[in-house]
Amino acid sequence: MKVTQHKNGVLISGIDDFDLEQTLDCGQCFRFWLNSDGDWHGVAGDRPITLRRLDDGILFLNITVGEFEEFWRRYFDLDRDYAAVRAGFPDHPALRDSTCFARGLRILRQDPWEALISFIISQNNNVPRIKGIIDRLCRGFGTPCGDDFAFPPPSVLACLSTEELGVIRCGFRAAYILDAAKRVCSGQIDLEQVAAMPIEQARAALQTIKGVGPKVAECVLLYGMGRLEAFPLDVWMKRAMAELFPGCTPESFGRFAGIAQQYIFHYCRCNPSCLCSTVQK
DNA sequence: CGCCAGGCTTCTA
DNA sequence: TAGAAGCATGGC
């Protein structure tokens with residue numbers, strides 16, 4: 001991969017397996033939107049970014065090479081060889097189909113706190129509404145950064161009442177968000193510490209937060225803590241495992257099972273006909 | 001309008 | 001201790 005200063009940003013070229021739509025619209029993050037001009041714009045933590053697909057690579061608009069190196073290289077997991085990850089997967093027809101379809105997908109390294117709140121909000125919810133709620137959360141309680149708003153820190157949310165938080169219209173999840181904020185703010189839960197725990201211990205620690213069960217905990221580990229062995233099992237993945245991977249377990253996919261999970265999830269969401277229609281939770 | 005949403009908590013047998 | 005109901009809200 002080559003990183004060069006471009007006249008209006010930073011251009012990365014010679015990178016395989018990096019598709020903006022597949023990466024930013026595959027259900028792992030909720031703060032990126034496709035502009036009418038084809039650019040992707042979003043915020044990670046308190047850093048806004050606009051991304052553009054060019055013939056010779058991906059352009060990160062209006063940032064310096066320093067900012068790219070300091071933050072965005074890691075955020076987009078650009079030092080990982082995804083072809084090598086795929087080569088390490090077990091040979092399975094449905095997994096081949098999934099990786100072939102979603103080859104340009106990368107797992108973002110999001111902020112643990114942002115991932116925690118985002119996936120608490122995601123429960124029993126749909127993606128457009130999740131994005132709307134998170135947008136209102138940031139506009140209402142985050143500090144401005146350029147034309148955007150930062151994700152509000154635990155200290156800010158911990159002070160709110162459920163009534164005050166109600167303006168984001170997150171429904172019954174308000175109490176869960178406040179519980180998470182209070183426990184992180186007080187230091188009762190240290191997310192950096194959780195990220196470093198053995199995975200079973202990390203799962204248990206996250207699930208002490210109200211509104212965090214097995215699925216949300218797994219999402220926080222995978223998308224917010226860089227734990228690529230984490231394997232979220234939502235209704236889609238449960239169906240995919242039952243119908244496409246009978247007899248397989250998350251462990252069947254190896255140490256990068258979480259990446260396999262994301263290929264499969266995105267493939268099934270975009271091609272629902274690959275699963276039979278019987279929905280069971 | 002009715003069904004459902006990247007689930008979880010609480011209630012019930 | 002498993003299984004189902006209830007949960008706020010709004011996208012489709």
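Throughout, a chain's letter reflects where its sequence line sits, starting with A, and its residues are numbered from 1.
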Show the distances under 3.5 angstrom between N or O atoms of the protein and N or O atoms of nucleotides 9-12 of chain C.
residue, atom, partner, partner atom, Å
C:dT9, O2, A:Arg129, NE, 3.1
C:dT9, O2, A:Arg129, NH2, 3.2
C:dG10, OP1, A:Arg169, NE, 2.3

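- Rounded to whole Å, atom P of B:dG6 lies 11 Å from atom CZ of A:Arg239.
- In this entry the distance linking OH of A:Tyr176 with C1' of C:dA8 reads 11 Å, nearest Å.
- Annotation: C:dG6 and B:dC3 have their P atoms spaced 15 Å apart (nearest Å).
- In this entry the distance linking CZ of A:Arg269 with C1' of B:dC4 reads 11 Å, nearest Å.
- Under the side chain to side chain donor-acceptor pair (under 3.5 Å) test applied with A:Asp17, the options A:Arg86, A:Arg80, A:Arg103, A:Arg106 reduce to a single match, A:Arg86.
- Listed in residue order, the members of residues 211-221 of chain A having a heavy atom less than 4.0 Å from DNA chain B are A:Gly211, A:Val212, A:Gly213, A:Pro214, A:Lys215, A:Val216.
- In this structure, A:Gln207 reaches neither bases nor backbone, as no heavy-atom distance under 4.0 Å exists between it and the strands shown.
- When side chains are defined from C-beta on, A:Asp111 does not count as touching A:Leu191, because their heavy atoms never get closer than 4.5 Å.
- Look at the C1' atom in both B:dA5 and C:dC7: the space between them is 13 Å, to the nearest Å.
- Between A:Gln28 and A:Lys210, it is A:Gln28 whose nearest contact on DNA chain B lies nearer the 5' terminus.
- In this structure, the NZ atom of A:Lys238 is 11 Å from the C1' atom of B:dC8, given to the nearest Å.
- Atoms CG (A:Asp234) and P (B:dG6) sit 8 Å apart, rounded to a whole Å.
- Following chains of ILVMFWY side-chain contacts shorter than 4.5 Å, one cannot reach A:Phe30 starting from A:Leu34, and the two form parts of different hydrophobic clusters.
- Under a cutoff of 6.0 Å and an axis angle of 45°, A:Arg47 and A:Phe71 form a cation-pi pair.
- Salt-bridge formation is not detected for the pair A:Lys215/A:Asp234: no Lys NZ or Arg NE/NH1/NH2 atom is positioned less than 4.0 Å from an Asp or Glu carboxylate oxygen.
- Taken together, the paired segments of DNA chain B that extend over three or more consecutive Watson-Crick or G-U pairs, each closer than 3.5 Å at both contacts, are B:2-5 with C:9-12, B:7-13 with C:1-7.
- Here, B:dG6 and C:dG3 have their P atoms 25 Å apart, quoted to the whole Å.
- No side-chain donor from either of A:Gln262 and A:Tyr267 sits under 3.5 Å from a side-chain acceptor of the other.
- As judged by a 4.0 angstrom heavy-atom cut-off over every strand, A:Cys29 is placed among residues making no nucleic acid contact.
- In this structure, A:Phe18 and A:Phe60 have tilted ring planes: the angle between them lies in the 30° to 60° band.
- Each of A:Thr4, A:Val3, A:Asn8, A:Val10 was compared with A:His6 under the side-chain contact (heavy atoms from CB on, under 4.5 Å) criterion, and only A:Asn8 meets it.
- A:Asp179 places its CG atom 10 Å from the P atom of B:dT9, with the value rounded to the nearest Å.
- Across B:dC11 and C:dA8, the matching P atoms stand 13 Å from one another, rounded to whole Å.
- For A:Phe253 and A:Phe231, the ring centers are positioned less than 6.0 Å apart.
- The closest side-chain donor-acceptor pair between A:His266 and A:Asp25, if any, does not fall under 3.5 angstrom.
- The pair A:Asp79-A:Arg73 meets the salt-bridge criterion, with a side-chain N (NZ, NE, NH1 or NH2) lying under 4.0 Å from an Asp/Glu carboxylate O.
- Between A:Phe265 atom CZ and B:dA5 atom C1' there is a gap of 11 Å when expressed in whole angstrom units.
- Judged by distance alone with a 3.5 Å cut-off, a donor-acceptor contact links the side chain of A:Tyr223 to the base of B:dG6.
- Side-chain contact between A:Phe32 and A:Val43 is absent, with no heavy atoms from C-beta onward closer than 4.5 Å.
- As a whole-Å value, the separation of A:Leu206 CG from B:dC8 P is 12 Å.
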